[in-house]
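Residue numbers run from 1 in the order of the sequence given.
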Amino acid sequence: MYFSLSVIHPMRVGVVLKDPPTGSVSSVTAEVISSMFTRFMNISRSFFRFFGLFQSNLISITAPRRKHNFLRAAFKTSYHSSCFFSHSPSSMDLKTVLEVLEQLAPLSLAESWDNVGLLVEPSKQRPIKTILLTNDLTVDVMDEADATTCDLIVSYHPPLFSSFKRLVQKDWKQQLAIRAIESGIAVFSPHTSWDSMRGGLNDWLIEGVGSGQVSVLRQAHCSDYQKHRLEFTSRNEEELNTIMKHIKKTENSETFQYDILRTEEEAQHVILNCSSSELTTAVQAILGNATAGQSLNITQVQQLPLPGCGQGRHAVLDDPISTAAVLQRVKKHLGLPYLRLALGNHKSLDSVVKSVAVCAGSGASVLHCVKADLYITGEMSHHEVLDAVSKGTSVILSEHSNSERGFLPVFKERLTARLSDSVRVIISQKDKDPLQVV
């Protein structure tokens, strides 16, 4: 167990020697250091004894050299000291772990069509001691979760996506949800938030090709609530107050921001910002007034881009290489013996690759019309590959989940660093792509 101790008030340690020091400079220094160390330890013992925390086996004094190193750190500036011992909580609850997951990859980065976040929440909360990372939640992976007494499954792909009206045993995904609930296992899915985040799955995927100037293919934008600007004019201040009174009756009225510009005729020109979810309420309140309704103008506010975040990546390589060399690098990066390759028109294995575009999973919609010598993704349809090849772009396909699964060890390291030592993070050994070359 580790304790956390901070010396709030600076402490100055005085050293009193019973006999005047004699001998060489080094011997005198050693004697002073030894006395200083003894004095400091006496103070420390008194402090710990006062709080009932001191245990003799916490500090072991074995060598003068260790004394010297300890003193040099402890009394660095005028003998002022501040000592720190880290303390990790013995357990973490689900809410705390979810906050960590959100910090690593904000769910706001996910695509609007995606189903991300906490998908299964047990009714009886229990400490999170084991987290299982997987690319897909299958029956084999659920068996593994039960065998490892897992408390939380982080499944990259959401096992629950389409809506359903009942939980029955006929559908295998509903079976998994039922098993998770019965076993008290929470299920969380990050999916496209991992794809989009800076340093996420797509950045990891393109690193396998080589260094270069990397840019985002489909830029992510700030999820700020101010998405629409409404401009209108009221005849006077009393009329404006009536309009704003109706708007402020809404549940989230505090998120409305507006400016008032007065004209010479005492009319009130208003610029109001609101989110998409509040747009209907605001417009209805304004249209309730004839003058304001006739002058109403609505503009969608351009949201600020989030640097380094978004779907897909494009890289201009620092050192162009052949298509054959790229194939070998990608095989090594993904840990695969085979890849599927479609050479672009008039291209060969010796053709030089200067630019690469990647998108984990099924990337055709993101890679479409992107100018690059090479596309790398998990899967594309027959006709999508033909379209790319016709434009002289070669295509490497690894199968869907093979382009994603290798990121799990990277995320495991990041997650473990932010959790208590009491939480074990493991990667599924049963998770695999359903397709294989035979």
Side-chain angles (χ1 to χ4, degrees), residues 97-119 133 135 154-158 161 188-228 255 273 275-277 300-318 333-334 355-372 374-378 398 400-401 403-418:
V97 174
L98 292 179
E99 289 173 353
V100 173
L101 290 168
E102 172 79 11
Q103 291 167 5
L104 288 171
L107 297 179
S108 59
L109 293 175
E111 296 294 289
S112 59
W113 50 262
D114 208 355
N115 189 36
V116 296
L118 185 62
L119 304 184
L133 303 183
N135 204 78
V154 176
S155 176
Y156 168 73
H157 285 134
F161 196 86
F188 176 91
S189 176
H191 202 200
T192 51
S193 65
W194 278 13
D195 299 347
S196 180
M197 72 177 184
R198 180 197 291 268
L201 203 164
N202 279 308
D203 283 317
W204 167 83
L205 183 57
I206 206 164
E207 285 174 1
V209 181
S211 62
Q213 184 178 350
V214 179
S215 58
V216 177
L217 292 179
R218 184 182 293 173
Q219 181 68 56
H221 292 81
C222 179
S223 59
D224 193 356
Y225 58 82
Q226 295 181 2
K227 296 181 180 180
H228 297 277
T255 63
N273 294 306
S275 68
S276 297
S277 61
Q300 185 171 2
V301 178
Q302 182 66 40
Q303 293 175 290
L304 296 176
L306 294 173
C309 297
Q311 298 301 320
R313 297 293 185 269
H314 180 276
V316 177
L317 300 179
D318 293 334
H333 192 59
L334 300 182
S355 59
V356 181
V358 306
C359 183
S362 182
S365 61
V366 176
L367 298 175
H368 180 63
C369 293
V370 174
K371 292 183 179 180
L374 176 67
Y375 290 167
I376 301 176
T377 186
S398 65
H400 190 113
S401 67
S403 66
E404 305 158 336
R405 188 169 289 103
F407 183 68
L408 293 179
V410 178
F411 191 80
K412 174 188 174 182
E413 183 177 348
R414 297 177 187 176
L415 180 59
T416 301
R418 288 176 172 256

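- What you find for Pro158 and Asn115 is that their closest heavy atoms are CB-O, 3.2 Å.
- Taking both residues in full, the closest heavy atoms of Ser403 and Gly361 are given as OG-N, 2.8 Å, listed atom of the first, atom of the second, then distance.
- A donor-acceptor contact shorter than 3.5 Å links the side chain of Thr416 to the backbone of Lys412.
- Residues that satisfy the ring pair (Phe, Tyr, Trp, His ring centres under 6.0 Å) test with Tyr156, not counting sequence neighbours, are His191, Trp194.
- Residues Phe411 and Leu101 form a side-chain contact, since some pair of their non-hydrogen atoms from C-beta on lies under 4.5 Å apart.
- The two atoms that bring Pro409 and Arg405 nearest to each other are CD-O, 3.9 Å, heavy atoms only.
- Counting heavy atoms from C-beta outward, Asp114 and Leu107 have side chains that stay 4.5 Å or more apart.
- One N or O on the side chain of Thr377 and one on the backbone of Cys359 form a donor-acceptor pair closer than 3.5 Å.
- Judged by distance alone, the side chain of Arg198 and the main-chain N or O of Pro307 form a donor-acceptor pair under 3.5 Å.
- No side-chain donor-acceptor contact under 3.5 Å links Asp195 to the backbone of Leu201.
- Separation of atoms CD1 (Ile206) and NE2 (His314) is listed at 7.5 Å; rounding is to 0.5 Å.
- Using a 4.5 Å cut-off on side-chain heavy atoms (C-beta onward), Val100 and Leu104 make contact.
- Ser355 places no side-chain N or O within donor-acceptor distance of the main-chain N or O of Val316, the cut-off being under 3.5 Å.
- For Ser189 (side chain) and Ser155 (main-chain N/O), a donor-acceptor pair under 3.5 Å exists by modelled atom type.
- For the atom pair CD of Glu207 and CZ of Phe407, the computed distance is 9.5 Å after rounding to the nearest 0.5 Å.
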Show the numbers, then the answer: is there a side chain to side chain contact (heavy atoms under 4.5 Å, CB included) between Gln311 and Leu217?
CA-CA 6 Å; Gln311 298 301 320; Leu217 292 179; over 6 Å; no
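- With rounding to the nearest 0.5 Å, the separation of CD in Glu111 from CZ in Arg218 is 6.0 Å.
- The shortest heavy-atom contact between Leu317 and Gly210 is CD2-O, 4.2 Å.
- The closest donor-acceptor contact from the side chain of Asn202 to the backbone of Ala360 lies under 3.5 Å.
- A donor-acceptor pair under 3.5 Å is formed between the side chain of Gln219 and the backbone N or O of Cys309.
- Distance check: Gln103 CD to Glu99 CD gives 7.0 Å after rounding to the nearest 0.5 Å.
- Taking 4.0 Å as the cut-off between side-chain N and carboxylate O, Asp203 and Arg313 count as a salt-bridged pair.
- Closest approach of Leu306 to Leu109, counting heavy atoms only: CD1-CD2, 3.6 Å.
- Under the rule for a side chain to side chain contact (heavy atoms under 4.5 Å, CB included), the partners of His333 that lie at least two apart in sequence or sit in another chain are Trp204.
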